[in-house]
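Counting starts at 1 for both ligands and their atoms, following the listed order. Because the structure is a prediction, the values reported are computed rather than measured.
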Amino acid sequence: MWPFLTIVAVAATVVIHFWWRHKFLHQRRQMQAEMEELQRRQQQTTTAAKAQQQVLFNSMLEGLLLLDRNRRIYLANRAFKNLFGLKTELRGKTVMEALRVHELAALVERVESGGQVLDYELKLPELSERWLQVNAAAISNSAGEREGTILVFHDLTRLKQLERTREEFVANVSHELRTPLSLIKGYVETLLDGARDNPEVAERFLKIIERNASRLDLLIQDLLTISALESGRITLNLQPVPLRPLAEKILADLKTRTDAKDVKLVNDLPELTAMADANRLEQVLANLVDNAIKYGRAEGTVTVGGRKDDADKIEIFVQDDGPGIPSEALDRVFERFYRVDKARSREQGGTGLGLSIVKHIVQNHGGKVWVKSELGKGATFFFTLPPGEK
Ligand code: ADP
């Protein structure tokens, strides 16, 4: 009996042992699986948060650079890489290794010692001028220990260019106004000093004064027109304008100007109608024809012509057979106050604003303006307008 009971007891112990072991192992595996699942979820959350952070940083217009406590790059967003034209991985590099800009490396040091640097203007040492505004601050944790540095970069290049254009414009305007004004002043003084007693001299001086006063008047009118066009204050009164009669009127008005030079004016426009503001269009054509007469050759021909182009737009041209425009000046003649030959333009009474006004008016109509020329072979100015009829 005992041996039997012993065997049963041993068997039972073995079974219980294996049962417990199996249960224990099963539970351990279950716990392990749960742990792994938890870790996986945590990792997923971290990866998602990181990806979200990356998307956020990359959608910023400002360049962002984060440095760790060892002043090595921890993060650089897309805008930052674009600003500096970088394509490689920057993580782990110092500012100097990544960018080779001494001034920026020095700025990082200043932030380390001073805590922050605001509105710092940085000019990049490149061929094409680039300006950045940098705001930088040290990052500290709750215990007040330095964790790193954050730098935010804003592209100032366009703003700087606009500022320079404005300064140049003011300088140009002052110069343009001063020239006729000082002439007027000079001749008035000479007249007052006694020249008025000689009627012949007085008449000559008064004519010079009159010419320069008209020049001032013209300049101010052109400046006001440019300013109104640029600020969008001018609203166009668009209506179908038959082009041939308009050109006919302009050529007749300008005919008197050609007398001394004996220039032939030809209206070659077909019967076309454009959707335009008649007064503004007249200003465009008059400026172009006037230039063609002024800068064309004596006894030459000025032709106004046009066609409907492939995109159904009206293309108008004004052609002369004068000395033409050098290729390097072709794009620049539409700039305010740009003249190929300053002395010649002034002597002809030009303000240097005519073509700039032409460009603005044409662009306000949704058109384009351009010039083709070869030295010695004349110049042809083209512009497009929307058609006045379907
Ligand atoms: P301006 O008052 O000096 O005529 P514009 O803006 O009308 O000013 O023209 C700018 C410059 O473009 C002129 O000074 C001249 O040098 C050049 N230009 C314009 N039209 C012609 C042309 N038909 N032939 C040659 N040069 C021209």
For this session: Starting from atom 6 (O) of ligand 1, find the nearest protein heavy-atom neighbour and note its residue, name and distance.
Result: L355 N, 2.8 Å
Exercise. Among protein heavy atoms, which sits nearest to atom 14 (O) of ligand 1, and what does the distance come to when rounded to 0.1 Å?
Worked result: R339 CG, 3.0 Å
Exercise. With a 4.0 Å cut-off on heavy atoms, is A329 touching ligand 1?
Worked result: no
Problem set entry | More than 12 heavy atoms from other groups under 6.0 Å of CZ on R78 | no
For this session: State whether E176 and R336 are salt-bridged, where the test is any N-O pair (Lys NZ or Arg NE/NH1/NH2 against Asp/Glu carboxylate O) under 4.0 Å.
Result: no
Exercise. Is the number of heavy atoms from other residues, nucleotides or ligands under 6.0 Å of E328 CD greater than 12?
Worked result: yes
Exercise. Does a salt bridge link K123 with E103, judged by any charged N lying under 4.0 Å from a carboxylate O?
Worked result: no
Seminar exercise, completed: Within 4.0 Å of some non-hydrogen atom of G324, the atoms of ligand 1 are 25 (C)
Exercise. With the threshold set at 4.0 Å, does a side-chain nitrogen-carboxylate oxygen contact exist between R204 and E200?
Worked result: no
For this session: Of the side chain and backbone of I325, name the one, both, or neither that has a heavy atom under 4.0 Å from an atom of ligand 1.
Result: side chain
For this session: Taking only Lys NZ, Arg NE, NH1 and NH2, and the carboxylate oxygens of Asp or Glu, determine whether R40 and E36 approach each other closer than 4.0 Å.
Result: no
Seminar exercise, completed: Closest to atom 2 (O) of ligand 1 (heavy atoms only, candidates G354, S373, G352, P323) is G352
Problem set entry | Under-4.0 Å heavy-atom contact with ligand 1, by part of F381 that carries it | side chain
Problem set entry | Nearest candidate to atom 12 (O) of ligand 1, where distance is taken over non-hydrogen atoms, out of V333, L353, D222 | V333
Seminar exercise, completed: re atom 10 (C) of ligand 1, the protein heavy-atom contact at minimum distance is Y338 O, 3.3 Å
For this session: Report the nearest protein non-hydrogen atom to atom 21 (C) of ligand 1: residue, atom name, distance rounded to 0.1 Å.
Result: Y295 CD1, 3.6 Å
Exercise. N/O of K294 under 3.5 Å from N/O of ligand 1, yes or no?
Worked result: yes
Exercise. Aromatic rings F382 and F317: how do their planes relate, parallel, tilted or perpendicular, breaks at 30° and 60°?
Worked result: tilted
For this session: Decide, yes or no, whether a salt bridge links E121 with K160 under the criterion of side-chain N to carboxylate O below 4.0 Å.
Result: yes
Exercise. Is the closest heavy atom of K342 to ligand 1 under 4.0 Å?
Worked result: no
Exercise. How are the rings of H26 and H22 set to each other: parallel, tilted or perpendicular (split at 30° and 60°)?
Worked result: parallel
Exercise. Atom 3 (O) of ligand 1: which protein heavy atom is closest, and how many Å away?
Worked result: S345 OG, 2.5 Å
Seminar exercise, completed: closest protein heavy atom to atom 7 (O) of ligand 1 is N291 ND2, 2.8 Å
Exercise. For atom 16 (O) of ligand 1, which protein heavy atom lies nearest, and how many Å away is it?
Worked result: V340 N, 2.9 Å
Seminar exercise, completed: At under 4.0 Å between heavy atoms, what of V358 touches ligand 1? The answer is neither
Exercise. Would you say the side chains of Q32 and R29 form a donor-acceptor pair under 3.5 Å?
Worked result: no
Exercise. Can you tell me which residue and heavy atom of the protein come closest to atom 23 (N) of ligand 1, and the distance to 0.1 Å?
Worked result: D320 OD2, 2.8 Å
Problem set entry | Path from L132 to L159 over hydrophobic side-chain contacts below 4.5 Å | no
Exercise. At a 4.0 Å threshold, what atoms of ligand 1 neighbour a non-hydrogen atom of T351?
Worked result: 2 (O)
